[in-house]
Structure formats: C-alpha cells, structure tokens
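This report concerns only the one structure given below.
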Amino acid sequence: MRVKVMGSAAGGGFPQWNCACQNCSRLRAGTLRGKPRTQSQIAVELAPDRWCLLNASPDLRSQIEATAELQARATGDKSSRISPIAGVILTSGDLDNTLGLLLLREFQPLQIYATPSIQEITTEENTFFRMLRRVRPQAVWNDILPGEVLRLEGTSNDSAVRVEAIALPGGYPEYVDAERTAELPADEAVVALQVEAASSGRKLIYCPTLPEIGDELLSRFAACDLLLLDGTFWSDDELIRVIGGRRTAQRMGHIPITGREGTLERLRAITHPNKVYIHINNTNPILDEDSTEFAQLTAAGWSAAYDGMNFTL
Ligand SMILES: [Zn+2]
C-alpha cells in the first residue's frame with residue numbers, strides 16, 4: 001500500500017496569504033532553507049490506478065495535478081474522463097478537510113465516507129455541497145462509525161484496505177450553531193483514521209488534529225507502522241508569541257510538539273512506527289531546516305512531512 005503526502009501544512013498553507021511572520025517572510029524572500037507546503041492532504045493506494053483520499057483540502061486541484069498517480073487517464077473510448085480517485089474519507093467537517101470536495105464536483109462518481117454527523121452538517125448546513133448530488137451516479141455518501149472497521153475494495157482481495165475511525169474529543173466546526181452541535185453525538189465530530197493494508201497487515205494512522213492523548217490512543221500509535229501526527233505547533237504559546245494571537249495551541253485543539261505534555265515527550269518511548277509530523281502551521285520553527293528545533297525533532301527520531309513525501313506499507 002503506497003501512501004502519498006500531497007499536502008503537509010495546517011490551514012492556510014506555507015506561506016499563508018495574510019501572514020508576514022518570520023517563516024512566511026523569509027520563505028518568500030528565499031532566505032529560509034525549507035519547503036513551501038500546501039494544506040494537509042493524503043492519498044492511499046487501494047490498487048494500481050485506484051486511490052482513496054484522506055480528506056479533501058482546499059488545495060486539492062493543484063495537489064492532484066502535482067501527483068502523477070492521481071491524474072486522469074485516457075481510456076481510448078469517448079468516456080475519457082477516468083480518474084484514479086475512487087473515494088474520500090473525512091476526519092471532520094472542517095472546511096480545511098471538506099472544501100476540496102467542491103473541486104471534485106464535475107459529475108465524477110465518487111464514494112465519500114464520513115460519520116453520519118459529519119455528513120449531516122456538511123450537506124445540510126452548506127447548500128453548496130448539493131452540487132455533488134445533481135446526477136446519479138455522482139457522490140455517494142457512506143457511514144463510517146468510530147470503532148467499526150470498513151473494508152475498501154481494490155481490484156483484488158490483495159489490494160483491499162481496512163479503515164477504522166478512532167473518535168477524538170474535538171468539537172464540531174464553528175459554522176454549526178451551538179444548539180445543533182449540542183444534539184450531535186460528541187464522538188462523531190473529529191476522528192483519526194487507521195488504514196491497514198489487507199495484504200501486509202501494515203498500518204497507517206492519520207491524525208492531523210490531536211486535542212488529547214490517552215493510554216488507548218498511545219497503544220494504538222505504538223502498534224502502527226506509520227504515524228502521521230498533528231505537528232501544528234511547536235509550543236503551546238506559539239501563536240501568542242509569533243503573531244500576537246490570543247489562543248494557546250491546546251485551546252485550539254492541538255497538543256503542541258514540546259512541553260511536558262507535548263507529543264515529543266509523550267511518544268518518546270514509542271519507537272516502532274515511522275513517526276512523522278504533519279499539518280504544520282506556518283509559524284512552526286521546524287519549517288526552517290537550519291533551526292535548532294528541526295535538529296531537535298530529527299534527533300528524537302521524527303521527521304517533518306513535506307509535499308510529495310511517499311511511503312510504502
Ligand atoms: Zn506565517
């Protein structure tokens with residue numbers, strides 16, 4: 001099972017259009033040794049020419065064009081619009097994870113997997129998403145429930161993958177009003193995804209948002225082979241220090257990398273998986289590959305995801 005990182009930044013990307021922090025300014029000036037990054041987006045191979053996307057980022061169009069495996073194929077007959085993208089699995093209803101669905105609306109048959117609550121808020125609170133339901137077959141929405149294993153078929157038994165959603169204690173997006181949010185089940189708002197290759201039994205965990213970390217989640221992380229984890233912020237007060245923001249990383253639903261409760265420390269004893277930080281905010285010092293923070297990360301056995309990074313499980 002191949003895994004492709006099509007985008008590795010947090011919402012806004014790197015550089016971010018309205019940001020002139022040190023990282024963004026130096027990247028624009030060409031004085032930072034580091035890579036520009038689009039907003040987080042993953043693709044997982046189900047079979048040759050058959051891929052599933054994990055979320056649908058606002059940068060999806062350019063990400064598809066930058067990824068040869070995901071570009072449309074000519075078939076020889078008149079129906080030449082054949083895309084290798086078979087489906088999309090959503091981890092939340094946030095615009096950063098769903099806006100890209102609107103870019104896939106050209107009457108393309110598509111399977112979309114999400115918790116019932118994410119489906120409900122996406123399609124009912126945002127009427128734009130009805131553009132995905134104009135003809136049949138177009139987008140077909142499917143339930144994925146925390147704790148249940150979903151099997152996505154490739155073209156043979158060998159190429160199937162098993163997907164499990166892991167409930168995280170995050171909230172619903174702010175476009176959903178408080179009254180509605182209170183009625184929706186808390187465990188369907190934000191999930192991490194565990195994707196297991198049926199042929200090899202090897203597992204990826206994709207967790208771009210990590211609001212809390214408990215023992216059960218830690219043991220899942222320890223048992224996977226590739227961990228793509230929330231690397232949004234280096235420190236809890238990063239946004240306050242760098243751009244004069246008001247909220248800490250924790251209050252925004254992201255455990256920072258450093259600090260006593262940070263993921264670097266909490267996952268120090270977990271050495272089996274390939275540990276990769278993803279969803280990196282443009283203020284994060286690890287984006288500068290000459291920084292002490294980047295060196296510290298590498299020394300601790302982690303890497304920082306970049307666009308175009310590939311893995312095989
Ligand atoms: Zn910036």
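Counting convention: from 1, in listed order, for ligands and their atoms alike. In this text the structure is predicted, and so the values were computed from the model without any measurement.
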Would a single hydrophobic cluster contain both V88 and L46, if residues Ile, Leu, Val, Met, Phe, Trp and Tyr are joined by side-chain heavy-atom contacts under 4.5 Å?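 Cluster IDs for L46 and V88 differ.
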For the residue pair D307 and S8, confirm or rule out a side-chain donor-acceptor distance under 3.5 Å.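 Yes, because at least one side-chain N or O of D307 sits under 3.5 Å from a partner of the opposite role on S8.
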Hey, which protein N/O/S atoms does the Zn ion (ligand 1) have under 2.8 Å?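 Near the Zn ion (ligand 1), below 2.8 Å, one finds C19 SG, C21 SG, C24 SG, N282 OD1.
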Kindly give the heavy-atom pair with the smallest separation between L217 and E212, and that separation in Å. CD2-O, 3.9 Å
Salt bridge (Lys or Arg N to Asp or Glu O under 4.0 Å) partners of residues 5-30, not counting sequence neighbours, each pair once: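 Those involving residues 5-30 are R26-D288.
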If you look only at pairs with a residue in residues 239-258, which of them pass as a salt bridge (Lys or Arg N to Asp or Glu O under 4.0 Å), with sequence neighbours excluded?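 Of all non-adjacent pairs touching residues 239-258, those that pass salt bridge (Lys or Arg N to Asp or Glu O under 4.0 Å) are D237-R241.
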Quick one: list whatever passes ring-ring contact (aromatic ring centres under 6.0 Å, His included) with F221, sequence neighbours left out.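 Testing F221 for ring-ring contact (aromatic ring centres under 6.0 Å, His included), a comparison that skips the adjacent residues, returns none.
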